[in-house]
S.K.: 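Let me give you the structure first, and then I'll get to my questions.
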Amino acid sequence: MRDPDDRHTPLDALRASLAAVVEEMAGGAGAGVTSGRRSLVLERPPKPELGDYASNVALAVAKAAGMPPRELAARLGEGMSGRLGEELVRFEVAGPGFLNLFLADAWHRRALAEVLDAGEGFGGGGVGDRGERVLVEFVSANPTGPLHVGHARNAAYGDSLARLLAFHGHDVEREFYVNDAGSQVRKLGESIGALARGEQVPADGYQGDYVQNLLASLTNAASMDAAELGGAAVNVMMGQIMRSLQRFGVAFDHVVYETTLHQPREDLKGAGGGPLSAVEHALELLAQRGHTYESEGALWLRSTEMGDDKDRVLVRSTGEHTYFASDIAYHQAKRERGFERQIDVWGADHHGYMKRMRAAYVALGGQADELEMVIMQLVHLLRGGQRAQMSKRSGEFVTVDDLVEEIGVDAARWFLLSRSHETTIDLDLDLAVRQSSENPVFYVQYAHARIVSMLEKAGAGRVEAALAEIDGDGPDLHPAERDVVKALVALPEEVGEAAQRRAPHRIAAYALDLAQRFTAFYRDCRVVGAEDRQAESLRIALCVASRNALARSLWMLGVGAPEQM
RNA sequence: GCGCCCGUAGCUCAGUGGAUAGAGCGUCCGCCUCCGGAGCGGAAGGUCGCGUGUUCGAAUCACGCCGGGCGCGCCA
């Protein structure tokens, strides 16, 4: 977690006060909680009667402090009272020793002012000066067929994770790695060739209408051999894949082709003095570091020394490099390009590949934790409750384009992103269309559009004036107003938690929660035309801050924030 | 056999040590003189797969089972 001093968000300040009080009251006993890896817990209690914020810190340090938790909590409450002055109305000690804090309207007003001062960047930049150069590699689908729903999940996740990490303060780039060098490309060429000659596609070849379409888009197909056909088909396929992704709101900074890793590079000189390919360079590096050996005519990586289950072949006895060798070279190239952290977003069927990849990364000289491999669990497709197949060879799959056409980009991305990437999700295609009209994403978007409409009604001049005078006094705040302030103030920590845990789905949950709280506020509090001028100003300010936070959250998910619907 | 992920409301899923376990959808009952009803309020609905352990406190951590998914190639 962050140091509380990195930023000065309202909650950080509150937490810092509590930490200071713990130091005072519990001395060294509190050190582990206040300065340790875990920052001390200050959270919204489950029920409003339990205050604005609650902490279990007394429970956590009671033993070390040699004091009953409730007694310690009471002392901490007194300390907080002294520090916060009138901003703390009162405190309560509850249950086994929770400290519940009841904050004054003044605290809420000041917190809102700070949120607005931070502007549209509020909630971001949490890593402070500890940002890293991060490469997120995702989708990386084989260029032998269209993207299916599983790729859509991968694409939505990778793109959203990149946005999230960037907003949190990292220097992030996105990359698509194209496996265009393997046997499956030749197989695709053979399949197209067979169709061109009017023959049956080989049993282990690629089937489906899209293969026919590939053939139709290639001129002179009949005069090309399987390798040429495969290469030409990959070019066409990649064009289609990138168009599908673009439609899905996903763009890449780099596309790296596996074949380029086999081309000699002038900047890579081998021991013999000649230019080396990235693959040769990586193999030489592994050999120099003493991690390879020859056996049975093949070159092996001694990956068991780095925790793998068995050693792995790098160069087959036929002299051909394995896919693994390319992948090692690719990861080494990314290291040499200056990325301190590599995040690979992989499909569920790749989890068995993780150990060897990490072993190879360490063998190259990297730190094990610099390489993260995120495994995306499956999207289970159902049609009327029946399992739908996703076999690429039989051609019976639902493509990204199909999904977008049926339920739209926003509903599709929301659906795929609002669940944790590490759980298998069910998508019933028959329900998808109907449910998309009741999808929570529209509720969130609607809240955003409604705010924009309200602010227009108030007028730009009135909004500007309101923002200039929120820090003053005014009538007592309505509970719904205080609730929205607390939801807004939570954004920085939500972003931090989501980024740290690589969990964009938390942002979806946050956006929905904020939209619900805002809607409750809208119901209970008249904004434009409120009887009191100061009340109207504060409410307009709440609208502006809520609009920013909703727009930012939706942006992190790659979902639109419409001004009208 | 080994490895990874999962098992929470009718369905789809949140919730990685705290208080009476939540949301959306579905079901039932209410609510439109009013800034956007794509809304709001309420109700019903749960042995958090099972067991043991750690802890003041476990859906959450450990171990063992049961059930489901996905992997385990000199394929990519």
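Values below: all heavy atoms of this structure, side chains included; hydrogens, waters and symmetry mates excluded. Everything numeric in this text was worked out from a predicted model, so none of it was measured. Reminder, nothing fancy here: chain letters follow the sequence lines and each chain counts from 1.
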S.K.: Could you summarise the pairing of RNA chain B as dot-bracket text, marking Watson-Crick and G-U pairs under 3.5 Å with ( ) or [ ] inside the strand and | across strands?
M.R.: (((((((..((((....[...)))).(((((.......))))).....(((((..]....))))))))))))....
S.K.: Examine rG73(B): is either OP1 or OP2 under 4.0 Å from a nitrogen or oxygen in the side chain of Tyr353(A)? Give yes or no.
M.R.: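 No.
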S.K.: Just how far, in rounded Å, is P of rG26(B) from CZ of Arg434(A)?
M.R.: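 Arg434(A) atom CZ is separated from rG26(B) atom P by 7 Å.
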S.K.: Do any side-chain nitrogens or oxygens of Tyr323(A) fall under 4.0 Å of OP1 or OP2 in rA76(B)?
M.R.: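 For rA76(B), neither OP1 nor OP2 has a side-chain N or O of Tyr323(A) closer than 4.0 Å.
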S.K.: So, Tyr330(A) versus Glu175(A): side-chain donor-acceptor pair below 3.5 Å or not?
M.R.: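 Note: Tyr330(A) and Glu175(A) side chains meet the donor-acceptor criterion.
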S.K.: Which whole-number value in Å describes the distance from Gln377(A) CD to rC5(B) C1'?
M.R.: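 Distance, rounded to whole Å: 4 Å.
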S.K.: Counting the benzene-type ring for Trp, do His321(A) and His262(A) have ring centres under 6.0 Å apart?
M.R.: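 When the ring centroids of His321(A) and His262(A) are compared, they turn out to be within the sub-6.0 Å range.
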S.K.: Where the side chain of Thr519(A) is defined as all heavy atoms beyond and including C-beta, which of rA76(B), rG24(B), rC40(B) is the nearest nucleotide?
M.R.: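 Side chain of Thr519(A) sits closest to rC40(B).
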S.K.: Look at the side chain of Arg358(A) and the backbone N and O of Ala368(A), then say whether any donor-acceptor pair between them is shorter than 3.5 Å.
M.R.: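 Flag set: sc Arg358(A) to bb Ala368(A) pair under 3.5 Å.
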S.K.: If you look at every strand shown and take non-hydrogen atoms under 4.0 Å, does Glu563(A) touch a base, only sugar-phosphate, or nothing?
M.R.: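 Base: the residue Glu563(A), judged by heavy atoms under 4.0 Å, touches a nucleobase.
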S.K.: How many whole angstroms separate atom CG of Leu382(A) from atom C1' of rC11(B)?
M.R.: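 Answer to the nearest Å: 11 Å.
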S.K.: Counting heavy atoms from C-beta on, name the nucleotide in rG18(B), rA14(B), rG69(B) closest to the side chain of Pro96(A).
M.R.: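 That would be rG18(B).
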S.K.: Can you tell which of rA14(B), rC56(B), rG18(B) lies closest to the side chain of Arg419(A)?
M.R.: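 Of the candidates, rA14(B) comes closest.
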S.K.: Which residue, Ser295(A) or Arg450(A), contacts RNA chain B at a nucleotide closer to its 5' end, judged by nearest heavy atom?
M.R.: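 With Ser295(A) and Arg450(A) compared, the 5'-side residue is Arg450(A).
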S.K.: Using a heavy-atom cut-off of under 4.0 Å over every strand shown, decide if Ala348(A) touches base, sugar-phosphate, or nothing.
M.R.: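 Counting heavy atoms under 4.0 Å across all strands, the contact made by Ala348(A) is with sugar-phosphate only.
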S.K.: Among rA14(B), rG39(B), rC74(B), which is the nearest nucleotide to the side chain of Lys310(A)?
M.R.: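 Nearest to the side-chain atoms of Lys310(A), counting from C-beta on, is rC74(B).
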S.K.: Taking OP1 and OP2 of rA76(B), is either one under 4.0 Å from a side-chain nitrogen or oxygen of Arg316(A)?
M.R.: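 Indeed, a polar side-chain atom of Arg316(A) lies that close.
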S.K.: How would you list all residue pairs meeting salt bridge (Lys or Arg N to Asp or Glu O under 4.0 Å) that involve residues 41-55 of chain A, not counting sequence neighbours?
M.R.: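 Checked against salt bridge (Lys or Arg N to Asp or Glu O under 4.0 Å) - neighbours excluded - the pairs reaching residues 41-55 of chain A are Arg44(A)-Asp483(A), Asp52(A)-Arg482(A), Asp52(A)-Lys486(A).
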S.K.: Could you give the CG-to-P distance, from Asp327(A) to rA76(B), as a whole number of Å?
M.R.: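 Between P of rA76(B) and CG of Asp327(A): 11 Å.
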S.K.: Is Lys47(A) near enough to rU20(B) that one of its side-chain N or O atoms lies under 4.0 angstrom from OP1 or OP2?
M.R.: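 No, because none of the side-chain N or O atoms of Lys47(A) sits under 4.0 Å from OP1 or OP2 of rU20(B).
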S.K.: Taking the side chain of Ser183(A) as its heavy atoms from C-beta onward, which of rC56(B), rC75(B), rG36(B) lies nearest to it?
M.R.: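 Looking only at heavy atoms from C-beta outward on Ser183(A), the closest nucleotide is rC75(B).
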S.K.: Look at Gln516(A) and rC40(B) and indicate whether a side-chain polar atom (N or O) is within less than 4.0 Å of OP1 or OP2.
M.R.: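 No, outside the criterion.
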S.K.: Donor-acceptor check, side chain of Asp311(A) to backbone of Thr304(A), threshold 3.5 angstrom: yes or no?
M.R.: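 Yes; judged by distance alone, with no hydrogens or angles, the pair exists.
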S.K.: Between Asp426(A) (CG) and rC70(B) (P), how many Å, whole number?
M.R.: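 Computing the Asp426(A):CG to rC70(B):P distance gives 12 Å.
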S.K.: Using a heavy-atom cut-off of 4.0 Å across all strands, would you classify Arg312(A) as base, sugar-phosphate, or nothing?
M.R.: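 Counting heavy atoms under 4.0 Å across all strands, no contact is made by Arg312(A).
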S.K.: What is the nucleic acid contact for Lys63(A), judged by heavy atoms within less than 4.0 Å: base, sugar-phosphate only, or nothing?
M.R.: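 Counting heavy atoms under 4.0 Å across all strands, the contact made by Lys63(A) is with sugar-phosphate only.
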S.K.: How would you label the contact of Thr318(A) with the nucleic acid (heavy atoms, under 4.0 Å): base, sugar-phosphate, or nothing?
M.R.: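 Counting heavy atoms under 4.0 Å across all strands, no contact is made by Thr318(A).
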S.K.: So Pro69(A), base contact, sugar-phosphate only, or nothing? Heavy-atom distance under 4.0 Å.
M.R.: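 The answer is nothing, as Pro69(A) stays clear of every strand by at least 4.0 Å.
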S.K.: For Arg523(A) and rG41(B), is the shortest distance between a side-chain N/O and OP1 or OP2 below 4.0 Å?
M.R.: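 Checking rG41(B) against Arg523(A), a side-chain N or O does come within under 4.0 Å of OP1 or OP2.
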S.K.: What does Ala54(A) touch in the nucleic acid at a heavy-atom separation under 4.0 angstrom: a base, only the sugar-phosphate, or nothing?
M.R.: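 Touches a base.
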S.K.: Among the candidates rC25(B), rG36(B), rC74(B), find the nucleotide nearest to the side-chain atoms of Glu438(A).
M.R.: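 Between rC25(B), rG36(B), rC74(B), the one nearest the side chain of Glu438(A) would be rC25(B).
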S.K.: Need one value for Ala530(A): base, sugar-phosphate or nothing, where a base atom within 4.0 Å counts as base even if backbone is also close, heavy atoms only.
M.R.: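 No contact.
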S.K.: So, applying side chain to side chain contact (heavy atoms under 4.5 Å, CB included) with Ile507(A), which one of Ser160(A), Ser553(A), Ser418(A) is it?
M.R.: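 Answer to the side chain to side chain contact (heavy atoms under 4.5 Å, CB included) test with Ile507(A) among Ser160(A), Ser553(A), Ser418(A): Ser553(A).
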S.K.: May I ask you to verify whether the side chain of Asp349(A) and the base of rA76(B) hold a donor-acceptor pair under 3.5 Å?
M.R.: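 No such pair is found, so the answer is no.
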S.K.: Which nucleotide in the list rA76(B), rC70(B), rG18(B) gets nearest to the side chain of Asn179(A)?
M.R.: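 Selected nucleotide: rA76(B).
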S.K.: A cation-pi test, strictly: NZ or CZ of Arg523(A) under 6.0 Å from the centre of the six-membered ring of Phe521(A) and no more than 45 degrees from its axis. Yes or no?
M.R.: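 Here Arg523(A) fails the 6.0 Å and 45° test against Phe521(A).
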S.K.: Name the orientation of the base relative to the sugar in rC32(B): syn if the glycosidic angle is within 90° of 0, else anti.
M.R.: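 That one's syn.
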S.K.: Which one, rA19(B), rC6(B), rC35(B), comes nearest to the side chain of Thr423(A)?
M.R.: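 Closest of the options to the side chain of Thr423(A): rC6(B).
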S.K.: So that I can tick it off, tell me whether Arg462(A) and Glu536(A) are bridged by a salt bridge, with the cut-off set at under 4.0 angstrom between side-chain N and carboxylate O.
M.R.: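 Judged by the 4.0 Å cut-off on N to carboxylate O distance, Glu536(A) and Arg462(A) do form a salt bridge.
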S.K.: Considering every strand and a 4.0 Å limit on heavy-atom distances, what is the contact class for Leu431(A): base, sugar-phosphate, or nothing?
M.R.: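 No contact.
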S.K.: Looking at every strand, decide which applies to Glu296(A) at a 4.0 Å heavy-atom threshold: base, sugar-phosphate, or nothing.
M.R.: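 Contact class for Glu296(A): base.
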S.K.: Let's see if you can work this out: which of rA76(B), rG36(B), rA19(B) has an atom nearest to the side-chain heavy atoms of Ser453(A)?
M.R.: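 When the side chain of Ser453(A) is considered, rG36(B) is the closest of rA76(B), rG36(B), rA19(B).
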S.K.: State which of rC74(B), rA76(B), rC70(B) makes the closest approach to the side chain of Glu258(A).
M.R.: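 Among rC74(B), rA76(B), rC70(B), the one nearest the side chain of Glu258(A) is rA76(B).
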S.K.: Using a cut-off of strictly less than 4.0 Å, decide whether His321(A) has a side-chain nitrogen or oxygen near OP1 or OP2 of rC74(B).
M.R.: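 Looking at the OP1 and OP2 atoms of rC74(B), neither is under 4.0 Å from any side-chain N or O of His321(A).
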S.K.: Taking atom P of rG22(B) as reference, at what distance in whole Å does atom CZ of Arg44(A) sit?
M.R.: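 In whole Å, rG22(B) P and Arg44(A) CZ are 15 Å from each other.
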S.K.: Between Pro440(A) and Val528(A), name the one whose nearest nucleotide on RNA chain B is closer to the 5' end.
M.R.: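 Nearest-nucleotide comparison on RNA chain B picks Pro440(A).
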S.K.: Hey, is the side chain of Tyr522(A) poking within less than 4.0 Å of OP1 or OP2 on rG37(B), counting only N and O atoms?
M.R.: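 Yes, because at least one side-chain N or O of Tyr522(A) sits under 4.0 Å from OP1 or OP2 of rG37(B).
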S.K.: Between Leu554(A) and Trp414(A), is a side chain to side chain contact (heavy atoms under 4.5 Å, CB included) present by the stated rule, with each step listed?
M.R.: CA-CA 9 Å; Leu554(A) 290 169; Trp414(A) 180 279; 4.3 Å; yes
S.K.: Stacking here means centres under 5.5 Å and planes under 30°; does Tyr446(A) stack on rG39(B)?
M.R.: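 Tyr446(A) vs rG39(B): stacking no.
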S.K.: In terms of relative ring orientation, are Tyr522(A) and Phe518(A) parallel, tilted or perpendicular, with 30° and 60° separating the classes?
M.R.: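 Parallel.
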S.K.: Asp180(A) near the nucleic acid: base, sugar-phosphate alone, or nothing, with a heavy-atom cut-off under 4.0 Å?
M.R.: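 Since no nucleic acid heavy atom lies under 4.0 Å of Asp180(A), the category is nothing.
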S.K.: Mark yes or no: Arg312(A) above the aromatic ring of Phe324(A), with NZ or CZ under 6.0 Å from the six-membered ring centre and no more than 45 degrees from the axis.
M.R.: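 Pair Arg312(A)/Phe324(A) does not count as cation-pi.
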S.K.: Would you classify Asn56(A) as touching base, sugar-phosphate or nothing, given that sugar-phosphate means primed atoms plus P, OP1 and OP2, and contacts are heavy atoms under 4.0 Å?
M.R.: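 Base contact.
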S.K.: In whole Å, I'd like the distance from the CZ atom of Arg356(A) to the C1' atom of rC4(B).
M.R.: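 Rounded to the whole Å, the gap is 13 Å.
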S.K.: May I ask you to say what Leu59(A) touches in the nucleic acid, namely base, sugar-phosphate or nothing, with a heavy-atom cut-off under 4.0 Å?
M.R.: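 It contacts base atoms.
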S.K.: Using a cut-off of 4.0 Å on non-hydrogen atoms, how would the nucleic acid contact of His380(A) be classed: base, sugar-phosphate, or nothing?
M.R.: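 His380(A): no heavy atom of the nucleic acid under 4.0 Å.
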S.K.: Looking at Glu493(A) and Arg15(A), is any side-chain nitrogen of the basic one under 4.0 Å from a carboxylate oxygen of the acidic one?
M.R.: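 Answer for the salt bridge query: yes.
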S.K.: In this structure, how many angstroms lie between the P atom of rC35(B) and the CD atom of Glu456(A), rounded?
M.R.: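 One finds 16 Å between P of rC35(B) and CD of Glu456(A), rounded.
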